[in-house]
Structure formats: structure tokens, C-alpha cells
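Reviewing the structure listed below.
Whatever order the structure lists them in is the order used to number ligands and atoms, beginning at 1.
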Amino acid sequence: MTAERFIIDDREKNLFRVNREAFTSEDVLQRERREIFGKTWLYVGHESEIPGKNDFQTRDVGGRPVIFNRDRHGDVRVLLNTCLHRGSSVCRHSSGNAKIFTCFYHGWAYRNSGELVNVPGNEDYKSEPAAVYKGLQSPPQVDSYRGLYFVNFDPDAPDLLTFLGEARYFIDLAADQSPEGVAILEGTHKYSLKANWKLLVENSIDGYHAKSVHHTYFEMMMELGATPPMLGQDTVNGVAPAGMGTEFPNGHATLMYPANGLPLATDSVKQTLAGLRSQAEQAFGENYANAMFGLARNSVFFPSLILIDLSFGLTLRTFYPVSASETLVTGWQIIPKGVDEEFVKYRIDNALTFWGPAGLATPDDVEALEQAQKGFGARGEVGWSDVSKGMGKPVPAANDELQMRSWWREWNRRITGEQLPTEGTSFVPFDKQGVDA
Ligand code: FES
Ligand SMILES: [Fe+2]
């Protein structure tokens with residue numbers, strides 16, 4: 001039996017609670033697979049990962065194996081990586097360049113635009129498989145925004161731009177960082193954790209845990225003369241030193257705070273960043289460049305695409321449940337195109353030493369989430385988690401929990417149909433008119 005109420009959203013008491021069964025129940029997971037991973041826009045990959053004709057990447061997207069590729073004309077495709085014969089993957093490599101995908105089981109072969117072009121023993125079929133089955137299927141909706149490709153397995157879902165709404169501005173703040181655009185750095189972090197996927201959503205936009213879980217990192221930074229997050233002096237584009245959380249329709253949310261410089265950066269790295277900033281200022285104006293390079297930002301795009309820009313690195317992460325208590329994570333670094341090798345090396349260093357599965361931040365986060373999942377074993381006795389921090393404040397700080405509540409309200413709407421009002425604190429940290437024009 002699964003609980004029928006997953007959220008307590010008490011506006012009078014400013015109390016917000018989540019039923020711990022949401023993190024443990026296989027029945028909830030089945031509903032999530034149907035109502036969330038079957039109906040929302042899911043991230044597949046960035047165009048820079050398949051730069052040339054016939055390039056491909058294989059991915060798991062919301063439980064479906066897909067091939068993200070360019071066909072022989074250079075058009076981007078997303079193909080479901082399952083043979084029409086009896087189901088085997090038609091491509092078993094993680095990436096490469098191929099005009100034809102040949103299923104290794106019985107040898108059915110498909111062009112990289114999907115058409116079935118060869119069936120060994122075709123003469124034994126009176127039914128003509130190529131005519132009956134045509135080719136590999138694609139998700140009913142494929143769309144992109146600023147080079148990020150998404151799929152939606154629901155043909156009736158609203159389009160991607162509508163779904164992203166104003167939260168898309170936080171993708172712009174990453175995509176506009178170089179006049180030449182941005183690219184994914186080669187190399188991928190893949191790891192799993194023994195915890196529910198929603199714990200990682202919370203953690204990815206949680207400013208509250210930084211001081212406690214990551215104290216080793218911050219102590220190291222402070223010894224080197226850097227200012228820890230949320231303890232600076234400056235207000236940037238209306239965002240006070242303590243930062244703020246913000247919410248958008250459809251469960252997207254961000255926390256942001258004035259960035260406090262670049263830990264461990266050499267003068268050359270600082271110069272490169274200053275150069276990017278002045279180019280952005282020229283192209284978009286000071287206000288937008290301030291938001292881009294002066295604010296650290298953690299954003300979630302519902303359900304599980306995370307974009308974290310801490311100036312010393314820009315990480316993109318997505319993850320999907322393996323079971324109610326296991327999550328598979330994939331993470332990448334984004335770099336502005338056209339920067340020199342020293343800058344790239346600095347970003348790689350930070351990607352490994354901070355965000356990497358063996359870095360200074362990620363193992364601590366994983367430990368915290370796995371401990372929480374263990375704690376949920378006592379959910380019969382202690383049934384609810386608290387997400388109330390900052391509720392009722394006119395401007396919740398970056399280390400409050402508005403951004404999580406916003407995400408949970410959308411989760412709740414999709415799982416139970418119950419629509420809960422927002423807290424009315426949607427904020428874009430720059431003048432949109434100037435940028436949209
Ligand atoms: S399953 Fe692919 S050829 Fe048989
Ligand atoms: Fe963390």
C-alpha cells in the first residue's frame with residue numbers, strides 16, 4: 001500500500017514536509033516512470049558531442065536506450081537503440097562514427113537515419129521485414145534549446161520552449177559565455193549511488209548543506225585566501241551576499257549567490273575569464289555579463305537536468321533511477337569555445353577535484369544521500385522529511401529551501417494531480433528586455 005499524500009504544504013504554519021515513502025516505494029517509482037519520465041522533456045546530449053556527420057553517442061534516457069547522432073547529411077537524430085527484430089541494441093559502443101548500425105544478434109542493419117537496409121536471409125521472409133518495419137523508431141518529440149537536445153516520449157506534451165519558460169534564461173547564461181558558443185569537454189563522469197534519485201535533485205540545489213558537508217573543501221579554500229560561498233560582501237544585480245532561491249513554473253528552480261572569485265586560478269586563467277566577460281559586456285551589456293560571470297548558480301530543469309555554474313567550472317549533470325534506492329548519474333563539464341589550454345586544464349582540474357566521483361565534493365554528497373536512504377528504513381516510525389527552511393520569507397536565501405519546494409510541488413502535481421500554488425518568488429537576475437531584443 002502506498003500513501004496517498006506525499007506533500008504537506010501548510011502555508012499558515014510555513015511547514016513543508018515530504019513523505020519518506022516517496023523515496024522508497026516501488027509503486028511510486030512506477031508512477032514516476034509513467035507520469036514523469038514518460039511525459040516530460042528529458043535531456044539527451046549537447047550538439048558539440050556529435051560535431052561531425054555520422055558521429056554518435058549512446059545514452060540511457062529515462063530508462064530508454066537511445067542513439068544520439070548525426071546522419072550522413074549532418075542532421076541530428078535520436079533513435080531508440082533497440083532492434084526491430086527481437087530487441088537487442090543495434091549499437092553497443094558509447095560513442096563513435098558510423099553510417100550503419102548492424103545488430104550483432106542476427107545481423108539486421110540500419111542506416112544512421114534509421115531505415116532498415118539489410119536483413120540476412122531476407123529471401124526466407126514472405127512478409128518483407130524492411131517494408132513492414134521501415135526503420136528504427138525515434139521518440140515522438142525531439143527538440144533543442146541552445147545546443148541542448150531533449151526528447152519527450154509523450155506526443156501530446158507542450159513544446160520544449162513552453163516547458164522551459166523563463167527558466168531557459170539560466171541556460172542562456174551558460175550558452176552565451178563565449179561569442180563562439182560553448183562545448184562539452186571530452187570525458188564523462190558516470191557513477192551510481194545507493195539512494196533515491198530525488199535525493200540528488202534536492203542535493204544539487206541545496207545551499208544549506210555546503211558548510212557542513214563540504215567543510216573540508218571550504219577550509220582548504222579559506223586557507224588559500226578565498227571567500228566561501230554566500231559569505232562575500234557584494235550584491236550583484238539585486239542578489240544579496242546571502243544569495244536567493246527562485247522558482248519557475250513546471251518545477252524548474254535555481255539558487256544563486258554572488259560568486260567570490262576563482263579559487264586556485266592562475267593570472268592567465270583570470271585574464272581569460274575577464275576577456276570572456278568583456279566580450280559578453282560588449283555583446284549583451286553589463287547587466288547580463290554581471291549575471292553571467294558575477295553570480296554562482298545551481299539550476300534544476302525538471303525533472304533531473306542540473307546546471308551548476310560556480311565560475312571555476314560549469315557542470316551539467318543528469319540522472320535517472322535504476323530502482324527506488326539506486327540512481328545512475330552522468331556528468332559533463334561545459335567550457336566556452338576558443339579559450340586557451342591553460343584555462344581548459346584549470347576547468348578539468350576543478351571538474352576532477354571538486355565534482356568528480358573521487359573529488360572533494362561528490363563523495364561527501366553521495367555519503368550524505370546514502371545515509372538518508374538508510375534513514376528511510378525507519379519511515380514507519382519517522383515518516384516525513386522537512387523542507388521548510390526559509391518558507392514565508394519574502395526573499396528566501398540561497399541556503400533556504402524554496403527551490404526544493406518548488407520542484408516537489410511539480411513532482412506532486414504529476415504524481416497525484418494535486419496542484420499547489422507557488423510561493424510567488426520567481427526572479428530573473430538581469431534585464432530580460434535587453435537580452436531578448
Ligand atoms: S535482434 Fe537484432 S537482428 Fe535479431
Ligand atoms: Fe554538495
Strictly below 4.0 Å, N to O, side chains only: are [X] and [Y] in salt-bridge contact?
X    : Y    : value
R77  : D75  : no
D10  : R17  : no
D172 : R168 : no
E342 : K345 : no

Under a 4.0 angstrom heavy-atom cut-off, which atoms of ligand 1 come close to [X]?
X    : value
G107 : 3 (S)
R86  : 1 (S)
C83  : 1 (S), 2 (Fe), 3 (S)
W108 : 3 (S)
C103 : 1 (S), 2 (Fe), 3 (S)

H106 near atom 2 (Fe) of ligand 1 via N/O/S, less than 2.8 Å |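 Looking at H106, which is the residue asked about, there is no N, O or S atom under 2.8 Å from atom 2 (Fe) of ligand 1.
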N/O/S atom of H85 inside 2.8 Å of atom 2 (Fe) of ligand 1, strictly under = no
Describe, in one word, how the ring planes of W197 and W407 are oriented to each other, choosing from parallel (under 30°), tilted (30 to 60°) and perpendicular (over 60°).
-> perpendicular
Aromatic rings F312 and F354: how do their planes relate, parallel, tilted or perpendicular, breaks at 30° and 60°?
-> perpendicular
With the Fe ion (ligand 2) at the center, what angle do OD1 from D365 and NE2 from H209 span, rounded to 10 degrees?
->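 About 90° at the Fe ion (ligand 2).
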